[in-house]
Amino acid sequence: MNTCRDNLKLSVKNIKKTFGDTAVIEDVSLELYEIEFVSLLGLSGSGKSTVFNIISGLVMPDAGEVFIEGKNYTGKTGRVSYMYQKDLLMPWKKIIDNVAIPFLLKGQGKKQAREKVKDYFKVFGLEGFEEKYPFQLSGGMRQRAALLRTYMFSRDIMLLDEPFGGLDAITRSKMHCWLLGILENLKTSILFITHDIEEAVFLSDRIYVLSNRPARIKEEIIIDLPKPRERKIVTTENFNRIKRHILSLLDEGEEENGCI
Amino acid sequence: MKRLESTETRKKVSQAATKGVPSLFLFILLITWQVVVDQGIVQKYILPSPLDTIVTFVQILPGLKSHIIITLKEAFTGFFIAICFAVILAVLMDSIKLLKKAVYPLLVVSQTVPIIALAPLFVIWFGFGLLPKVIVVILVCFFPIVISLLDGLNSVDVDMLNMLKSMGANRLQTFRILKFPASMVNFFSGLRIAATYSIMGAVIGEWLGGEGGLGVYMLRVKHSFALDKMFAVILLIVIMSMLLFKGISLIQDLLMPWHKLLNKNIGRQ
Ligand SMILES: Nc1ncnc2c1ncn2[C@@H]1O[C@H](COP(=O)(O)OP(=O)(O)OP(=O)(O)O)[C@@H](O)[C@H]1O
Ligand SMILES: [Mg+2]
(Lines give C-alpha, C1' and ligand atoms only; values in the text may rest on other atoms or scores of the structure.)
(Ligands and ions follow the chains in the order given, each with its own letter.)
Protein backbone atom coordinates (compact mmCIF):
# COMPACT_ATOMS: atom_id res chain seq x y z
CA MET A 1 0.00 0.00 0.00
CA ASN A 2 2.70 2.45 0.97
CA THR A 3 5.17 0.79 -1.33
CA CYS A 4 6.36 2.67 -4.28
CA ARG A 5 6.43 0.05 -6.97
CA ASP A 6 8.57 1.91 -9.47
CA ASN A 7 11.54 2.48 -7.18
CA LEU A 8 13.50 -0.74 -7.11
CA LYS A 9 16.23 -0.67 -4.43
CA LEU A 10 17.54 -4.18 -4.48
CA SER A 11 17.18 -7.11 -6.80
CA VAL A 12 18.66 -10.55 -6.49
CA LYS A 13 18.74 -12.54 -9.71
CA ASN A 14 18.85 -16.32 -9.80
CA ILE A 15 21.50 -16.88 -7.16
CA LYS A 16 22.81 -20.35 -6.54
CA LYS A 17 25.18 -21.58 -3.83
CA THR A 18 26.71 -24.90 -2.89
CA PHE A 19 28.96 -25.48 0.10
CA GLY A 20 31.10 -28.55 -0.48
CA ASP A 21 28.51 -31.03 -1.61
CA THR A 22 25.46 -29.52 0.11
CA ALA A 23 23.41 -27.43 -2.28
CA VAL A 24 22.12 -24.64 -0.04
CA ILE A 25 20.51 -22.30 -2.55
CA GLU A 26 19.11 -23.70 -5.74
CA ASP A 27 17.58 -20.65 -7.34
CA VAL A 28 16.51 -17.51 -5.50
CA SER A 29 15.41 -14.24 -7.03
CA LEU A 30 13.84 -11.45 -5.09
CA GLU A 31 13.16 -7.76 -5.17
CA LEU A 32 12.93 -5.01 -2.61
CA TYR A 33 11.33 -1.64 -3.37
CA GLU A 34 11.74 1.66 -1.60
CA ILE A 35 10.27 1.89 1.94
CA GLU A 36 9.09 -1.69 1.65
CA PHE A 37 9.17 -4.35 4.36
CA VAL A 38 9.76 -7.77 2.87
CA SER A 39 10.20 -11.02 4.79
CA LEU A 40 12.04 -14.17 3.87
CA LEU A 41 10.21 -16.99 5.57
CA GLY A 42 11.61 -20.48 5.76
CA LEU A 43 12.29 -23.33 8.11
CA SER A 44 15.49 -23.57 10.07
CA GLY A 45 18.45 -24.50 7.90
CA SER A 46 16.71 -23.59 4.65
CA GLY A 47 19.46 -21.19 3.64
CA LYS A 48 18.03 -17.82 4.67
CA SER A 49 21.19 -16.50 6.31
CA THR A 50 23.17 -17.63 3.30
CA VAL A 51 20.96 -15.47 1.07
CA PHE A 52 21.79 -12.50 3.32
CA ASN A 53 25.49 -13.31 3.31
CA ILE A 54 25.36 -13.17 -0.47
CA ILE A 55 23.40 -9.93 -0.63
CA SER A 56 25.76 -8.25 1.83
CA GLY A 57 28.72 -9.34 -0.28
CA LEU A 58 30.32 -11.57 2.34
CA VAL A 59 29.76 -14.69 0.28
CA MET A 60 30.15 -14.98 -3.46
CA PRO A 61 27.28 -16.88 -5.16
CA ASP A 62 28.15 -19.72 -7.55
CA ALA A 63 25.82 -18.13 -10.06
CA GLY A 64 23.50 -15.15 -10.21
CA GLU A 65 23.82 -11.48 -9.37
CA VAL A 66 22.93 -8.88 -6.79
CA PHE A 67 21.89 -5.44 -8.02
CA ILE A 68 21.49 -2.45 -5.77
CA GLU A 69 19.87 0.58 -7.34
CA GLY A 70 20.73 -0.85 -10.71
CA LYS A 71 24.43 -1.39 -9.98
CA ASN A 72 26.01 -4.82 -9.75
CA TYR A 73 27.13 -5.42 -6.18
CA THR A 74 27.73 -9.17 -6.34
CA GLY A 75 30.48 -10.04 -3.85
CA LYS A 76 30.99 -6.41 -2.80
CA THR A 77 30.65 -5.50 0.85
CA GLY A 78 29.99 -2.15 2.46
CA ARG A 79 26.75 -1.10 0.78
CA VAL A 80 23.80 -2.51 2.72
CA SER A 81 23.58 -2.81 6.49
CA TYR A 82 23.26 -6.27 7.92
CA MET A 83 22.07 -7.25 11.36
CA TYR A 84 22.95 -10.74 12.48
CA GLN A 85 20.97 -13.29 14.44
CA LYS A 86 23.19 -12.41 17.41
CA ASP A 87 23.43 -8.83 18.65
CA LEU A 88 27.24 -8.85 18.25
CA LEU A 89 27.76 -5.91 20.56
CA MET A 90 31.34 -5.64 21.72
CA PRO A 91 31.45 -6.14 25.49
CA TRP A 92 34.35 -3.74 25.93
CA LYS A 93 32.57 -0.81 24.29
CA LYS A 94 29.83 1.25 25.84
CA ILE A 95 26.51 1.16 23.99
CA ILE A 96 27.09 4.55 22.44
CA ASP A 97 30.50 3.49 21.12
CA ASN A 98 29.11 0.23 19.81
CA VAL A 99 26.44 2.12 17.94
CA ALA A 100 29.02 4.58 16.63
CA ILE A 101 31.20 1.91 15.01
CA PRO A 102 29.92 2.63 11.47
CA PHE A 103 31.16 6.20 11.78
CA LEU A 104 34.54 5.07 13.13
CA LEU A 105 34.84 2.92 10.03
CA LYS A 106 34.09 5.94 7.88
CA GLY A 107 37.19 7.53 9.41
CA GLN A 108 35.68 9.81 12.02
CA GLY A 109 37.03 10.33 15.51
CA LYS A 110 35.41 8.78 18.54
CA LYS A 111 33.97 12.07 19.76
CA GLN A 112 32.57 13.05 16.40
CA ALA A 113 31.06 9.60 15.94
CA ARG A 114 29.39 9.78 19.35
CA GLU A 115 27.94 13.16 18.45
CA LYS A 116 26.41 11.70 15.28
CA VAL A 117 24.55 8.85 17.02
CA LYS A 118 23.56 10.62 20.23
CA ASP A 119 20.24 11.95 19.01
CA TYR A 120 18.93 8.58 17.88
CA PHE A 121 19.00 7.02 21.35
CA LYS A 122 15.66 8.56 22.15
CA VAL A 123 14.01 7.34 18.94
CA PHE A 124 15.25 3.80 19.58
CA GLY A 125 14.16 3.81 23.20
CA LEU A 126 17.69 3.64 24.55
CA GLU A 127 17.84 6.99 26.23
CA GLY A 128 19.87 6.90 29.44
CA PHE A 129 21.73 3.76 28.43
CA GLU A 130 24.42 5.45 26.32
CA GLU A 131 27.16 4.93 28.90
CA LYS A 132 26.22 1.37 29.85
CA TYR A 133 27.98 -1.75 28.70
CA PRO A 134 26.08 -4.34 26.61
CA PHE A 135 25.93 -6.94 29.39
CA GLN A 136 24.16 -4.43 31.58
CA LEU A 137 21.19 -4.31 29.18
CA SER A 138 18.27 -6.67 28.72
CA GLY A 139 18.01 -8.82 25.61
CA GLY A 140 15.39 -6.57 24.04
CA MET A 141 17.49 -3.47 24.57
CA ARG A 142 20.58 -5.13 23.17
CA GLN A 143 18.64 -6.00 20.02
CA ARG A 144 17.51 -2.40 19.75
CA ALA A 145 21.08 -1.19 20.14
CA ALA A 146 22.21 -3.62 17.46
CA LEU A 147 19.40 -2.40 15.24
CA LEU A 148 20.44 1.20 15.82
CA ARG A 149 24.01 0.35 14.88
CA THR A 150 22.73 -1.33 11.73
CA TYR A 151 20.64 1.72 10.90
CA MET A 152 23.64 4.00 11.46
CA PHE A 153 25.61 2.15 8.82
CA SER A 154 23.12 2.37 6.00
CA ARG A 155 19.63 3.71 6.29
CA ASP A 156 18.16 2.93 2.96
CA ILE A 157 18.57 -0.86 2.82
CA MET A 158 18.69 -3.00 5.94
CA LEU A 159 18.97 -6.77 6.15
CA LEU A 160 17.66 -8.09 9.46
CA ASP A 161 18.33 -11.72 10.24
CA GLU A 162 15.91 -12.93 12.92
CA PRO A 163 16.53 -9.85 15.04
CA PHE A 164 13.97 -10.90 17.64
CA GLY A 165 14.67 -14.62 17.58
CA GLY A 166 16.11 -14.76 21.08
CA LEU A 167 13.38 -12.81 22.83
CA ASP A 168 10.38 -14.06 24.79
CA ALA A 169 6.96 -13.84 23.12
CA ILE A 170 5.76 -10.75 24.96
CA THR A 171 8.94 -8.73 24.53
CA ARG A 172 8.98 -9.80 20.93
CA SER A 173 5.48 -8.58 20.23
CA LYS A 174 6.34 -5.29 21.93
CA MET A 175 9.37 -5.00 19.66
CA HIS A 176 7.14 -5.57 16.61
CA CYS A 177 4.90 -2.65 17.45
CA TRP A 178 7.88 -0.55 18.33
CA LEU A 179 9.60 -1.38 15.05
CA LEU A 180 6.53 -0.57 12.94
CA GLY A 181 6.18 2.63 14.91
CA ILE A 182 9.67 3.94 14.26
CA LEU A 183 9.65 2.77 10.65
CA GLU A 184 6.87 5.22 9.92
CA ASN A 185 9.38 8.02 10.34
CA LEU A 186 12.41 6.36 8.79
CA LYS A 187 12.73 6.01 5.04
CA THR A 188 14.06 2.50 5.07
CA SER A 189 13.65 -0.62 2.97
CA ILE A 190 13.90 -3.76 5.02
CA LEU A 191 14.55 -7.36 4.14
CA PHE A 192 13.69 -9.47 7.16
CA ILE A 193 14.42 -13.11 7.96
CA THR A 194 12.21 -15.12 10.25
CA HIS A 195 10.76 -18.55 10.72
CA ASP A 196 7.85 -17.19 12.72
CA ILE A 197 4.82 -16.95 10.45
CA GLU A 198 2.86 -14.54 12.61
CA GLU A 199 5.84 -12.23 12.89
CA ALA A 200 6.26 -12.22 9.11
CA VAL A 201 2.61 -11.52 8.38
CA PHE A 202 2.30 -8.82 11.02
CA LEU A 203 5.35 -6.85 9.89
CA SER A 204 5.56 -7.32 6.14
CA ASP A 205 4.26 -5.80 2.98
CA ARG A 206 5.37 -8.86 1.09
CA ILE A 207 6.63 -12.33 2.03
CA TYR A 208 8.80 -14.73 0.11
CA VAL A 209 8.25 -18.26 1.31
CA LEU A 210 11.33 -20.42 0.87
CA SER A 211 11.35 -24.15 0.25
CA ASN A 212 13.46 -26.45 2.36
CA ARG A 213 17.12 -26.77 1.46
CA PRO A 214 18.16 -26.28 -1.30
CA ALA A 215 16.25 -23.01 -1.25
CA ARG A 216 13.86 -21.90 -3.92
CA ILE A 217 11.16 -19.27 -3.71
CA LYS A 218 7.99 -21.24 -3.21
CA GLU A 219 5.62 -18.35 -3.35
CA GLU A 220 5.48 -14.60 -3.10
CA ILE A 221 2.64 -13.38 -0.92
CA ILE A 222 1.45 -9.81 -0.83
CA ILE A 223 0.08 -8.86 2.57
CA ASP A 224 -2.71 -6.41 1.88
CA LEU A 225 -3.59 -5.77 5.50
CA PRO A 226 -3.99 -2.04 6.19
CA LYS A 227 -1.16 -0.07 7.78
CA PRO A 228 -0.51 1.18 10.45
CA ARG A 229 -1.20 -2.18 12.05
CA GLU A 230 -2.26 -2.80 15.58
CA ARG A 231 -1.73 -5.83 17.70
CA LYS A 232 -5.33 -6.90 17.54
CA ILE A 233 -5.08 -7.49 13.81
CA VAL A 234 -3.57 -10.89 14.52
CA THR A 235 -6.95 -12.29 15.51
CA THR A 236 -8.82 -11.10 12.41
CA GLU A 237 -10.07 -13.52 9.80
CA ASN A 238 -7.89 -12.02 7.03
CA PHE A 239 -4.77 -12.42 9.10
CA ASN A 240 -5.56 -16.01 9.93
CA ARG A 241 -6.38 -16.83 6.32
CA ILE A 242 -2.88 -15.71 5.28
CA LYS A 243 -1.34 -17.61 8.18
CA ARG A 244 -3.15 -20.80 7.25
CA HIS A 245 -2.07 -20.44 3.66
CA ILE A 246 1.60 -20.07 4.58
CA LEU A 247 1.39 -22.94 7.01
CA SER A 248 0.10 -25.22 4.30
CA LEU A 249 2.91 -24.03 2.00
CA LEU A 250 5.56 -24.87 4.57
CA ASP A 251 3.92 -28.20 5.28
CA GLU A 252 3.96 -29.24 1.64
CA GLY A 253 6.49 -31.88 0.85
CA GLU A 254 6.90 -32.83 4.48
CA GLU A 255 6.53 -36.58 4.81
CA GLU A 256 4.51 -36.51 7.93
CA ASN A 257 1.92 -33.95 8.88
CA GLY A 258 2.15 -33.93 12.63
CA CYS A 259 0.03 -31.71 14.77
CA ILE A 260 1.18 -28.12 14.45
CA MET B 1 11.29 -24.08 47.39
CA LYS B 2 12.60 -24.75 50.85
CA ARG B 3 14.96 -27.37 49.60
CA LEU B 4 16.19 -24.93 46.99
CA GLU B 5 16.96 -22.40 49.67
CA SER B 6 18.81 -24.84 51.82
CA THR B 7 21.02 -25.97 48.95
CA GLU B 8 21.63 -22.30 48.28
CA THR B 9 22.82 -21.66 51.83
CA ARG B 10 24.81 -24.85 51.87
CA LYS B 11 26.53 -23.70 48.72
CA LYS B 12 27.38 -20.38 50.36
CA VAL B 13 28.75 -22.06 53.47
CA SER B 14 30.88 -24.43 51.45
CA GLN B 15 32.08 -21.51 49.33
CA ALA B 16 33.21 -19.64 52.43
CA ALA B 17 34.87 -22.77 53.72
CA THR B 18 36.78 -23.32 50.48
CA LYS B 19 38.01 -19.76 50.63
CA GLY B 20 39.55 -20.34 54.04
CA VAL B 21 41.15 -23.66 53.12
CA PRO B 22 44.35 -22.42 51.46
CA SER B 23 45.24 -20.02 54.28
CA LEU B 24 44.45 -22.65 56.89
CA PHE B 25 46.63 -25.17 55.12
CA LEU B 26 49.48 -22.67 54.86
CA PHE B 27 49.11 -21.85 58.54
CA ILE B 28 49.32 -25.52 59.57
CA LEU B 29 52.35 -25.98 57.36
CA LEU B 30 54.16 -23.00 58.92
CA ILE B 31 53.34 -24.13 62.47
CA THR B 32 54.67 -27.64 61.75
CA TRP B 33 57.83 -26.18 60.25
CA GLN B 34 58.30 -23.89 63.28
CA VAL B 35 57.85 -26.78 65.71
CA VAL B 36 60.17 -29.07 63.79
CA VAL B 37 62.98 -26.49 63.96
CA ASP B 38 62.28 -25.40 67.56
CA GLN B 39 62.36 -29.01 68.79
CA GLY B 40 65.75 -29.49 67.16
CA ILE B 41 64.48 -32.22 64.83
CA VAL B 42 66.17 -30.25 62.07
CA GLN B 43 69.15 -28.07 62.98
CA LYS B 44 68.72 -24.31 62.74
CA TYR B 45 71.73 -23.82 60.45
CA ILE B 46 70.26 -26.32 58.01
CA LEU B 47 66.72 -24.95 58.01
CA PRO B 48 65.85 -21.60 59.58
CA SER B 49 62.40 -21.41 61.14
CA PRO B 50 59.64 -19.17 59.74
CA LEU B 51 59.98 -16.77 62.66
CA ASP B 52 63.77 -16.51 62.20
CA THR B 53 63.21 -15.83 58.54
CA ILE B 54 60.82 -13.00 59.25
CA VAL B 55 63.08 -11.44 61.89
CA THR B 56 66.05 -11.62 59.52
CA PHE B 57 63.89 -10.24 56.74
CA VAL B 58 63.08 -7.13 58.77
CA GLN B 59 66.72 -6.74 59.80
CA ILE B 60 68.30 -6.93 56.37
CA LEU B 61 65.60 -5.20 54.35
CA PRO B 62 67.04 -1.63 54.71
CA GLY B 63 70.44 -2.85 53.53
CA LEU B 64 68.96 -4.54 50.48
CA LYS B 65 67.62 -1.37 48.91
CA SER B 66 70.38 -1.02 46.31
CA HIS B 67 70.12 -4.70 45.39
CA ILE B 68 66.35 -4.46 45.00
CA ILE B 69 66.72 -1.46 42.72
CA ILE B 70 69.21 -3.27 40.49
CA THR B 71 67.04 -6.38 40.23
CA LEU B 72 63.90 -4.37 39.54
CA LYS B 73 65.70 -2.37 36.88
CA GLU B 74 66.76 -5.55 35.09
CA ALA B 75 63.34 -7.13 35.48
CA PHE B 76 61.44 -4.08 34.22
CA THR B 77 63.75 -3.45 31.30
CA GLY B 78 63.55 -7.05 30.19
CA PHE B 79 59.80 -7.22 30.77
CA PHE B 80 59.21 -4.08 28.72
CA ILE B 81 61.39 -5.21 25.83
CA ALA B 82 59.73 -8.64 25.93
CA ILE B 83 56.29 -7.00 25.66
CA CYS B 84 57.36 -4.96 22.63
CA PHE B 85 58.87 -7.94 20.82
CA ALA B 86 56.00 -10.22 21.76
CA VAL B 87 53.32 -7.81 20.53
CA ILE B 88 55.12 -7.23 17.24
CA LEU B 89 55.69 -10.93 16.66
CA ALA B 90 52.15 -11.95 17.66
CA VAL B 91 50.60 -9.36 15.35
CA LEU B 92 52.84 -10.42 12.47
CA MET B 93 52.13 -14.10 13.09
CA ASP B 94 48.42 -13.42 13.25
CA SER B 95 48.30 -11.49 10.00
CA ILE B 96 50.70 -13.72 8.05
CA LYS B 97 49.49 -17.28 8.43
CA LEU B 98 52.60 -18.74 6.82
CA LEU B 99 54.79 -17.03 9.39
CA LYS B 100 52.66 -18.47 12.17
CA LYS B 101 53.01 -21.96 10.74
CA ALA B 102 56.77 -21.56 10.52
CA VAL B 103 57.47 -19.86 13.84
CA TYR B 104 54.96 -21.37 16.28
CA PRO B 105 56.67 -24.77 16.62
CA LEU B 106 60.03 -23.07 17.00
CA LEU B 107 58.65 -20.96 19.84
CA VAL B 108 57.42 -24.04 21.66
CA VAL B 109 60.68 -25.90 21.15
CA SER B 110 62.66 -22.88 22.38
CA GLN B 111 60.86 -23.22 25.72
CA THR B 112 62.38 -26.64 26.30
CA VAL B 113 65.90 -25.23 26.30
CA PRO B 114 66.87 -24.76 29.96
CA ILE B 115 67.60 -21.12 30.60
CA ILE B 116 69.97 -22.02 33.41
CA ALA B 117 72.20 -23.69 30.83
CA LEU B 118 72.09 -20.72 28.48
CA ALA B 119 72.72 -18.04 31.08
CA PRO B 120 76.46 -18.78 31.50
CA LEU B 121 76.86 -18.34 27.75
CA PHE B 122 75.36 -14.87 27.98
CA VAL B 123 77.93 -14.02 30.64
CA ILE B 124 80.71 -15.19 28.32
CA TRP B 125 79.30 -13.20 25.43
CA PHE B 126 78.10 -10.06 27.17
CA GLY B 127 80.07 -9.83 30.42
CA PHE B 128 78.84 -9.14 33.93
CA GLY B 129 76.82 -6.01 33.26
CA LEU B 130 73.11 -5.39 32.89
CA LEU B 131 72.76 -6.88 29.40
CA PRO B 132 73.00 -10.66 30.08
CA LYS B 133 70.43 -10.38 32.90
CA VAL B 134 68.02 -8.42 30.74
CA ILE B 135 68.36 -11.05 28.04
CA VAL B 136 67.44 -13.80 30.48
CA VAL B 137 64.39 -11.82 31.57
CA ILE B 138 63.35 -11.27 27.94
CA LEU B 139 63.68 -14.97 27.22
CA VAL B 140 61.49 -16.07 30.12
CA CYS B 141 58.85 -13.35 29.67
CA PHE B 142 58.54 -13.44 25.91
CA PHE B 143 56.85 -16.80 25.50
CA PRO B 144 53.79 -16.43 27.76
CA ILE B 145 53.03 -13.01 26.26
CA VAL B 146 53.27 -14.13 22.63
CA ILE B 147 51.21 -17.25 23.18
CA SER B 148 48.46 -15.55 25.14
CA LEU B 149 48.18 -12.68 22.68
CA LEU B 150 48.12 -15.08 19.74
CA ASP B 151 45.38 -17.11 21.40
CA GLY B 152 43.43 -13.93 22.02
CA LEU B 153 43.76 -12.73 18.44
CA ASN B 154 42.77 -16.15 17.22
CA SER B 155 39.67 -16.48 19.38
CA VAL B 156 37.85 -13.43 18.01
CA ASP B 157 34.20 -14.14 17.16
CA VAL B 158 33.94 -14.92 13.43
CA ASP B 159 30.52 -13.29 13.21
CA MET B 160 31.91 -10.06 14.64
CA LEU B 161 34.68 -10.16 12.05
CA ASN B 162 32.09 -10.67 9.32
CA MET B 163 29.95 -7.88 10.65
CA LEU B 164 32.83 -5.42 10.37
CA LYS B 165 33.69 -6.83 6.98
CA SER B 166 30.11 -6.34 5.80
CA MET B 167 30.51 -2.69 6.79
CA GLY B 168 33.56 -2.50 4.58
CA ALA B 169 36.18 -2.28 7.36
CA ASN B 170 39.80 -2.63 6.27
CA ARG B 171 42.34 -4.79 8.09
CA LEU B 172 43.77 -2.02 10.20
CA GLN B 173 40.31 -0.92 11.36
CA THR B 174 39.28 -4.49 12.11
CA PHE B 175 42.42 -4.86 14.15
CA ARG B 176 41.97 -1.65 16.08
CA ILE B 177 38.26 -1.89 16.73
CA LEU B 178 37.87 -5.62 17.21
CA LYS B 179 40.88 -7.91 17.29
CA PHE B 180 43.13 -6.03 19.66
CA PRO B 181 40.51 -5.15 22.28
CA ALA B 182 39.06 -8.66 22.04
CA SER B 183 42.41 -10.22 22.84
CA MET B 184 43.12 -7.95 25.81
CA VAL B 185 41.82 -10.41 28.42
CA ASN B 186 44.16 -13.12 27.17
CA PHE B 187 46.98 -10.64 26.77
CA PHE B 188 46.75 -9.60 30.39
CA SER B 189 46.76 -13.20 31.62
CA GLY B 190 50.02 -13.61 29.74
CA LEU B 191 51.34 -10.36 31.17
CA ARG B 192 50.60 -11.44 34.72
CA ILE B 193 52.50 -14.68 34.29
CA ALA B 194 55.37 -12.92 32.57
CA ALA B 195 55.55 -10.29 35.30
CA THR B 196 56.09 -12.92 37.97
CA TYR B 197 58.68 -14.62 35.78
CA SER B 198 60.53 -11.36 35.25
CA ILE B 199 61.89 -11.11 38.80
CA MET B 200 62.86 -14.76 38.78
CA GLY B 201 64.60 -14.29 35.43
CA ALA B 202 66.61 -11.36 36.73
CA VAL B 203 67.68 -13.33 39.80
CA ILE B 204 68.76 -16.29 37.67
CA GLY B 205 70.82 -13.91 35.55
CA GLU B 206 72.46 -12.38 38.61
CA TRP B 207 73.16 -15.77 40.12
CA LEU B 208 75.99 -16.14 37.61
CA GLY B 209 77.77 -13.08 38.84
CA GLY B 210 77.57 -9.34 38.69
CA GLU B 211 78.05 -6.18 40.70
CA GLY B 212 74.76 -6.24 42.56
CA GLY B 213 71.18 -7.40 42.72
CA LEU B 214 69.29 -9.89 44.85
CA GLY B 215 70.82 -12.87 43.01
CA VAL B 216 74.33 -11.62 43.72
CA TYR B 217 73.41 -11.05 47.34
CA MET B 218 72.01 -14.56 47.61
CA LEU B 219 75.20 -15.96 46.17
CA ARG B 220 77.21 -14.15 48.84
CA VAL B 221 75.06 -15.29 51.78
CA LYS B 222 75.08 -18.79 50.42
CA HIS B 223 78.87 -18.82 50.53
CA SER B 224 78.80 -17.74 54.19
CA PHE B 225 76.08 -20.31 54.99
CA ALA B 226 73.70 -17.63 56.25
CA LEU B 227 70.63 -19.65 55.39
CA ASP B 228 68.27 -17.37 57.32
CA LYS B 229 69.30 -14.49 55.03
CA MET B 230 68.85 -16.75 52.03
CA PHE B 231 65.30 -17.55 53.10
CA ALA B 232 64.60 -13.91 53.84
CA VAL B 233 65.60 -12.97 50.27
CA ILE B 234 63.45 -15.77 48.86
CA LEU B 235 60.54 -14.35 50.85
CA LEU B 236 61.35 -10.92 49.44
CA ILE B 237 61.36 -12.26 45.88
CA VAL B 238 58.00 -13.93 46.43
CA ILE B 239 56.54 -10.70 47.79
CA MET B 240 57.93 -8.64 44.92
CA SER B 241 56.56 -11.07 42.33
CA MET B 242 53.14 -11.09 43.96
CA LEU B 243 53.09 -7.29 44.04
CA LEU B 244 53.94 -7.16 40.35
CA PHE B 245 51.18 -9.67 39.65
CA LYS B 246 48.72 -7.52 41.57
CA GLY B 247 50.01 -4.41 39.85
CA ILE B 248 49.28 -5.86 36.42
CA SER B 249 45.79 -6.79 37.59
CA LEU B 250 45.27 -3.21 38.78
CA ILE B 251 46.37 -1.82 35.43
CA GLN B 252 43.98 -4.22 33.74
CA ASP B 253 41.10 -3.01 35.90
CA LEU B 254 41.95 0.57 35.01
CA LEU B 255 42.24 -0.07 31.28
CA MET B 256 39.32 -2.48 31.07
CA PRO B 257 36.69 -1.32 33.56
CA TRP B 258 34.07 -3.38 31.71
CA HIS B 259 35.90 -6.60 32.47
CA LYS B 260 35.43 -6.35 36.20
CA LEU B 261 31.76 -5.44 35.75
CA LEU B 262 31.27 -8.36 33.38
CA ASN B 263 32.85 -10.79 35.83
CA LYS B 264 30.63 -9.49 38.58
CA ASN B 265 27.60 -9.95 36.34
CA ILE B 266 28.55 -13.52 35.54
CA GLY B 267 29.22 -14.22 39.18
CA ARG B 268 25.72 -13.09 40.06
CA GLN B 269 24.07 -15.56 37.71
N1 LIG C 1 30.19 -21.14 5.24
C2 LIG C 1 29.53 -22.31 5.18
N3 LIG C 1 30.19 -23.46 4.92
C4 LIG C 1 29.52 -24.63 4.85
N5 LIG C 1 28.20 -24.77 5.04
C6 LIG C 1 27.48 -23.68 5.30
C7 LIG C 1 28.11 -22.39 5.39
N8 LIG C 1 27.15 -21.48 5.65
C9 LIG C 1 25.98 -22.18 5.74
N10 LIG C 1 26.18 -23.48 5.52
C11 LIG C 1 25.13 -24.53 5.51
O12 LIG C 1 24.05 -24.06 4.77
C13 LIG C 1 22.82 -24.48 5.33
C14 LIG C 1 21.89 -23.30 5.49
O15 LIG C 1 22.41 -22.43 6.45
P16 LIG C 1 21.76 -21.02 6.80
O17 LIG C 1 22.52 -20.47 7.93
O18 LIG C 1 21.68 -20.20 5.57
O19 LIG C 1 20.30 -21.45 7.25
P20 LIG C 1 19.15 -20.55 7.89
O21 LIG C 1 17.97 -20.67 7.00
O22 LIG C 1 19.64 -19.19 8.17
O23 LIG C 1 18.85 -21.33 9.24
P24 LIG C 1 18.40 -20.73 10.68
O25 LIG C 1 16.97 -20.38 10.57
O26 LIG C 1 18.61 -21.89 11.59
O27 LIG C 1 19.27 -19.57 10.97
C28 LIG C 1 23.17 -25.17 6.64
O29 LIG C 1 23.05 -26.56 6.45
C30 LIG C 1 24.59 -24.79 6.89
O31 LIG C 1 25.27 -25.86 7.51
MG1 LIG D 1 20.10 -18.13 9.90
Donor-acceptor contact below 3.5 Å, side chain Lys122(A) vs main chain Asp119(A): no
Would you find a donor on one side and an acceptor on the other, under 3.5 Å apart, between the side chain of Gln111(B) and the backbone of Val108(B)? no
Should we say atom [atom1] of [X] is surrounded by more than 12 heavy atoms from elsewhere, each under 6.0 Å from it?
| X | atom1 | value |
| --- | --- | --- |
| Phe52(A) | CZ | yes |
| Phe19(A) | CZ | yes |
| Lys100(B) | NZ | yes |
| Lys97(B) | NZ | yes |

Pair [X] + [Y], salt bridge at N-O below 4.0 Å:
| X | Y | value |
| --- | --- | --- |
| Glu26(A) | Arg216(A) | yes |
| Lys48(A) | Asp161(A) | no |
| Lys118(A) | Glu130(A) | no |
| Asp156(A) | Arg79(A) | yes |
| Lys86(A) | Glu162(A) | no |

Against chain A, residues from residues 171-192 of chain B with at least one heavy atom under 4.5 Å, in numeric order, are Gln173(B), Ile177(B), Leu178(B), Pro181(B), Ala182(B)
Checking heavy-atom separations under 4.5 Å from chain B, one finds in residues 58-70 of chain A Leu58(A)
Engaged part of Lys94(A) at the chain B interface, taking heavy atoms whose separation is under 4.5 Å: neither
Residue among Tyr133(A), Phe153(A), Trp92(A), Tyr84(A) with most heavy-atom pairs under 4.5 Å to chain B: Trp92(A)
Using a cut-off of under 4.5 Å on heavy-atom pairs, state which of Pro102(A), Pro91(A), Gly107(A) scores highest against chain B. Pro91(A)
Toward chain A, the part of Asp157(B) with a non-hydrogen atom under 4.5 Å: side chain
Select one option (side chain, backbone, both, neither) describing which atoms of Met160(B) are under 4.5 Å from chain A's heavy atoms. both
Ring centres under 6.0 Å, that's the criterion: do Phe135(A) and Trp258(B) meet it? no
